[in-house]
Amino acid sequence: MSSSTQDLILQLHLGNTFGALFIGVTLAAILFGLSNIQAFVYFQSHKGTGISFHKLVVAWLWILDALHLFLIVHCVYYYLVAHYADINVLTEIVWSFKLQIVIDVIIVYGVHLLYFHRIWIIAKGRSKVLPIAVGVIIISGSGVAIALIWAIYQCHVFSDLIKIEWATFMALGTITFVDFVIASSLCYLLAISRTGFSSTDSMLTKLMAYIINTGCLTSMCSLSAMITCAVMPHNFIFLGVEFLVAKLYVNSFLALLNAPYYLQPATETNHSAEVHMHHGIYRPELNVIASQGEEFQASRKSTFKHPGDDVIHLTRSAMSRRPIEVTVETNSFSSV
């Protein structure tokens, strides 16, 4: 490698440019692992319930999250491995970087719509003013998202990103504002849904804490990306932070779906396990007795052809499995 090429690489400051992207991808992969756990917990806690709307939503979010991770990994691999030290390529914007912005917008906007759906459900039977206002705000935010996508596809080199800072600030600021509106609306609706029962009110309080924490987490990430873009526009630290936004939105919504599972009281879990244990002891005996009774009726009909073999076979099988039921079957047979 010539000295002039080395000088050009040093001028790029790889540590706070593509190095920041690499760190962002690493953290995004960790968050993707957490979303895998969240999805697994949801499907395990709702297995046997058939296909439902929320199961399709979880699968849809997981697919988009995996696609987003694939795109940002390809982006970093393209610059740091496939075209390492190629100055001309390092200054250009690869297609996967632009497409991951589109997937990012779809995830954020989709999660906002899912939160709006939950607000609409919780507000059922009450005034629709608040849900309609939230819906108008979310739909208005889609215009800013479309503007961001249009602006990013007008860029061809990374230096062009400075020219579209207005789109970045508008998008991240709108996301933060919508997060605040959604979190405050959900907390308000949950607060007025208190029933006076301590267990229910405690569950609602914990759900409100979940909503506030997840809303603050996504808003802090968006604000961090906006601040780093304003303070350090000539490096890629804000892009590394932006890689995490979609992952945090997926995890926040999945955490809200799993909140009843995580927050269910231990006493309720023990009680349900105890009831299940009682059912497991008692009902199989009834099923065995009933099935053996049906077999016994069938054997009675076949005794006209093989009277000795069938009865002896039935009695032996019954004695080997459940000696208590032998007396019942013998008495019933002798009473006929």
Side-chain angles (χ1 to χ4, degrees), residues 9-32 64-109 111 144-176 179 217-251:
I9 294 177
L10 291 176
Q11 292 175 5
L12 286 176
H13 301 289
L14 294 179
N16 57 11
T17 53
F18 295 101
L21 294 183
F22 175 77
I23 295 175
V25 169
T26 304
L27 296 177
I30 295 174
L31 291 177
F32 178 70
L64 288 179
D65 200 16
L67 179 59
H68 182 264
L69 180 64
F70 167 78
L71 291 174
I72 60 178
V73 168
H74 174 270
C75 176
V76 173
Y77 180 86
Y78 178 84
Y79 289 118
L80 298 184
V81 178
H83 296 278
Y84 174 72
D86 190 341
I87 303 303
N88 294 326
V89 173
L90 291 180
T91 57
E92 298 176 352
I93 299 179
V94 67
W95 63 268
S96 57
F97 177 83
K98 297 180 179 180
L99 186 56
Q100 67 90 18
I101 297 291
V102 178
I103 302 300
D104 197 349
V105 169
I106 293 175
I107 290 176
V108 173
Y109 186 66
V111 171
V144 178
I146 294 174
L148 174 64
I149 294 174
W150 175 84
I152 199 68
Y153 272 90
Q154 303 303 312
C155 300
H156 302 287
V157 293
F158 283 106
S159 59
D160 294 338
L161 296 177
I162 302 177
K163 302 177 183 178
I164 62 167
E165 283 185 342
W166 60 271
T168 304
F169 294 150
M170 285 183 61
L172 295 175
T174 303
I175 289 173
T176 305
D179 288 343
L217 190 60
T218 54
S219 297
M220 288 176 59
C221 186
S222 301
L223 286 174
S224 299
M226 187 165 53
I227 293 172
T228 52
C229 180
V231 176
M232 297 173 288
H234 297 285
N235 57 43
F236 297 164
I237 294 178
F238 72 98
L239 295 177
V241 177
E242 184 270 334
F243 284 171
L244 308 178
V245 173
K247 300 291 182 285
L248 289 177
Y249 269 91
V250 172
N251 276 282

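Side-chain contact between Leu90 and His83: absent, with no pair of heavy atoms (C-beta onward) separated by less than 4.5 Å. In this structure, Leu239 and Leu161 have side chains that are in contact, with non-hydrogen atoms separated by less than 4.5 Å. At a threshold of 4.5 Å between non-hydrogen side-chain atoms, the residues Phe32 and His68 do not count as touching. Asp104 has its side chain within reach of Glu242: a pair of non-hydrogen atoms, C-beta onward, lies under 4.5 Å apart. Contact check for Leu223 versus Met226: side-chain heavy atoms found under the 4.5 Å cut-off. Residues Pro233 and Glu165 form a side-chain contact, since some pair of their non-hydrogen atoms from C-beta on lies under 4.5 Å apart. Residues Val241 and Cys221 are in side-chain contact: their nearest non-hydrogen atoms beyond the backbone lie under 4.5 Å apart. Using a 4.5 Å heavy-atom threshold, the side chains of Phe158 and Asn235 count as separate.
Asp65 meets the salt bridge (Lys or Arg N to Asp or Glu O under 4.0 Å) test with Lys247; sequence neighbours excluded. The salt bridge (Lys or Arg N to Asp or Glu O under 4.0 Å) search around Lys163 returns Asp160, not counting sequence neighbours.
Listed here is the closest heavy atom pair of Leu148 and Ala171: CD2-CB, 3.7 Å. Nearest heavy-atom pair, Ile93 versus Val157, reported as atom, atom and distance to 0.1 Å: CD1-O, 3.4 Å. Residues Gly240 and Leu21 share a closest heavy-atom pair of N-CD2, 4.1 Å. Contact between Ala167 and Ala151 at its shortest, heavy atoms only, is CB-CB, 4.0 Å. Closest of all the heavy-atom pairs between Leu69 and Ile72 is O-CG1, 3.2 Å. Of all heavy-atom pairs between Ala225 and Phe238, the closest is O-CB, 3.5 Å.
Atom CG of Leu64 and atom CD1 of Ile107 lie 5.0 Å apart (nearest 0.5 Å). Between the SG atom in Cys155 and the CD1 atom in Ile162 there is a gap of 10.5 Å [rounded to 0.5 Å].
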**Message:** Does Ile175 form a side chain to side chain contact (heavy atoms under 4.5 Å, CB included) with Tyr109? I'd like the steps, not just the answer.
**Reply:** CA-CA 9 Å; Ile175 289 173; Tyr109 186 66; over 6 Å; no

**Message:** Checking Tyr153 against Leu99 for the side chain to side chain contact (heavy atoms under 4.5 Å, CB included) test, could you report, in this order, the C-alpha distance in whole Å, the side-chain angles of both residues, the deciding distance, and whether it holds?
**Reply:** CA-CA 9 Å; Tyr153 272 90; Leu99 186 56; 4.3 Å; yes

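A distance of 6.0 Å or more separates the ring centres of Phe236 and Tyr79.
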